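For reference, the structure discussed in these notes is given below.
This structure is a prediction, so every number in the text was calculated from the model and none was measured.
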2 protein chains.
Amino acid sequence: MSNDKYASIRLGNQMCFPLYACSKEIVRRYKPFLDELKLTYTQYIAMMVLWERKSVTVKELGEELLLDSGTLTPLLKKLEAKGYVVRERMKSDERNLCVKVTSDGEALQEKALEIPKQMKGCVTLDPEEASLLCSLLQKIMNGFEENKPR
Amino acid sequence: MSNDKYASIRLGNQMCFPLYACSKEIVRRYKPFLDELKLTYTQYIAMMVLWERKSVTVKELGEELLLDSGTLTPLLKKLEAKGYVVRERMKSDERNLCVKVTSDGEALQEKALEIPKQMKGCVTLDPEEASLLCSLLQKIMNGFEENKPR
DNA sequence: TACAATTAAATAGTACGCAATTAAATAGTA
DNA sequence: TACTATTTAATTGCGTACTATTTAATTGTA
């Protein structure tokens with residue numbers, strides 16, 4: 001090839017682009033299903049944490065989702081406006097904001113059960129491949145944790 | 001576990017979240033390096049296509065990057081404002097807008113060569129793992145192509 | 001106590017992504 | 001030729017998300 005010198009910055013030779021493209025495409029595929037719950041993908045993963053933990057501070061939520069308050073504050077206000085959560089400062093330390101699922105929010109969990117079923121037909125990996133993919137992604141994330149600009 | 005019924009919508013049991021988180025984290029790691037070239041990540045992948053092809057229509061660029069004109073038009077205008085590309089209608093068919101790299105844009109390629117080197121230290125997969133990851137992502141993308149809301 | 005440092009959330013500014021609409025050019029057809 | 005349909009990209013508007021900065025509360029320390 002004439003410009004081998006530049007091989008490292010060809011789109012096709014980089015790992016990051018398939019990752020970036022695939023991630024966006026999957027989020028796009030979620031959209032029609034999530035629309036029925038009136039949730040964005042980011043709101044959906046926040047609700048997943050809330051369904052599991054019932055009550056969580058913004059900081060804890062951010063640690064779990066790798067999002068900061070700049071993303072979460074407006075997102076949680078929208079979830080509150082939809083009636084899925086309530087937000088209140090903690091008495092013990094007023095810096096902390098505690099987010100709790102409402103009964104409407106809990107009710108949403110039932111509807112959400114449909115989503116993984118609907119997405120299954122969309123992602124064409126068998127279970128072994130999927131878990132392999134997850135472990136590779138996990139390894140990348142662990143590597144990040146070690147050298148830590150966070 | 002008490003609520004196995006909901007296992008499918010627990011964050012930890014879903015493949016999409018590691019993918020989403022990992023993709024975002026990698027883009028974040030690119031930022032300090034890309035800042036030196038005054039590029040965002042999306043602008044960077046657009047420049048990669050342009051470095052390789054010298055000249056490309058908006059449509060072709062969008063097909064390669066999986067982005068539409070709503071994203072590309074403002075992005076390309078910014079690249080033009082920085083002097084990295086020029087945009088001009090094609091004589092043969094005036095509907096098509098052709099994007100070409102300028103000499104400043106080409107010069108940027110030299111600087112860009114540093115980026116994969118700098119990122120190497122950041123992503124902790126060995127070559128075999130990386131190519132395995134790519135092939136799994138490719139398989140997902142191919143599956144999407146088959147059932148085609150695009 | 002007073003002051004500095006730390007922590008948490010909110011805010012402001014920018015980029016991105018999507019949907020819907022518009023405009024222009026070309027292709028197809030009566 | 002005239003008319004319609006299709007294609008392509010630009011534009012607009014809106015919502016989401018990320019970064020950097022600011023504000024408020026708490027903790028640690030002189």
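- Legend: residues meeting side chain to side chain contact (heavy atoms under 4.5 Å, CB included) with B:T102, ordered by chain and number and at least two apart, are B:V86, B:D104.
- Using bins of under 30°, 30° to 60° and over 60° for the plane-to-plane angle, the ring pair B:Y30/B:Y41 lands in the tilted bin.
- Between A:L39 and A:K111, every side-chain heavy-atom pair lies at or beyond the 4.5 Å cut-off.
- The nucleotide C:dG17 finds its pairing partner in D:dC14, both defining distances of the Watson-Crick or G-U wobble pair being shorter than 3.5 Å.
- Taking atom CZ on B:R29 and atom P on D:dC18, their separation rounds to 15 Å, with Å as the unit.
- Taking B:E114 as the reference, B:K117, B:Q118 meet the side chain to side chain contact (heavy atoms under 4.5 Å, CB included) condition, with sequence neighbours excluded.
- Close to C:dC18, at under 4.0 Å from its OP1 or OP2, lies a side-chain N or O of A:R28.
- The CG atom of A:D93 sits 10 Å away from the P atom of D:dA25 (whole-angstrom rounding).
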All N/O contacts under 3.5 Å from nucleotides 10-16 of chain C to the protein, with atom names and distances to one decimal?
unit_1: C:dA10; atom_1: OP1; unit_2: A:R87; atom_2: NH1; d: 3.3
unit_1: C:dA10; atom_1: OP2; unit_2: A:T73; atom_2: OG1; d: 2.6
unit_1: C:dA10; atom_1: N7; unit_2: A:S69; atom_2: OG; d: 2.9
unit_1: C:dT11; atom_1: OP2; unit_2: A:K77; atom_2: NZ; d: 2.8
unit_1: C:dC16; atom_1: OP1; unit_2: B:T40; atom_2: OG1; d: 2.4
unit_1: C:dC16; atom_1: OP1; unit_2: B:T42; atom_2: OG1; d: 3.3

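- If A:K91 and B:K31 are placed on DNA chain D by their nearest nucleotide, the residue sitting closer to the 5' end is B:K31.
- Between the P atom of C:dT7 and the NZ atom of A:K59 lies a distance of 8 Å, rounded to the nearest Å.
- Looking only at side-chain heavy atoms (C-beta outward), A:K77 and A:R87 come within less than 4.5 Å of each other.
- Between the CG atom of B:L65 and the P atom of C:dC18 there is a distance of 13 Å, given to the nearest Å.
- Rounded to whole Å, atom P of D:dT8 lies 11 Å from atom CD of B:E60.
- In this entry D:dT22 has C:dA9 as its Watson-Crick or G-U wobble partner, both defining distances falling under 3.5 Å.
- Shown here, C:dT29 forms a base pair with D:dA2; the pair counts as Watson-Crick or G-U wobble because both key distances fall under 3.5 Å.
- OP1 or OP2 of C:dT7 has not a single side-chain nitrogen or oxygen of A:N96 nearer than 4.0 Å.
- Protein atom CG of A:L61 is 13 Å distant from nucleotide atom C1' of C:dA9, rounded to whole Å.
- Taking atom CG of residue A:L39 and atom C1' of nucleotide D:dT16, one finds them 14 Å apart after rounding to whole Å.
- We find the CH2-OH distance between A:W51 and A:Y44 to be 6.5 Å, quoted to the nearest 0.5 Å.
- Here the CG-OG1 distance, from B:L66 to B:T71, works out to 11.0 Å after rounding to the nearest 0.5 Å.
- Atom pair B:L34:CG and D:dC18:C1' shows a separation of 15 Å (rounding to whole Å applied).
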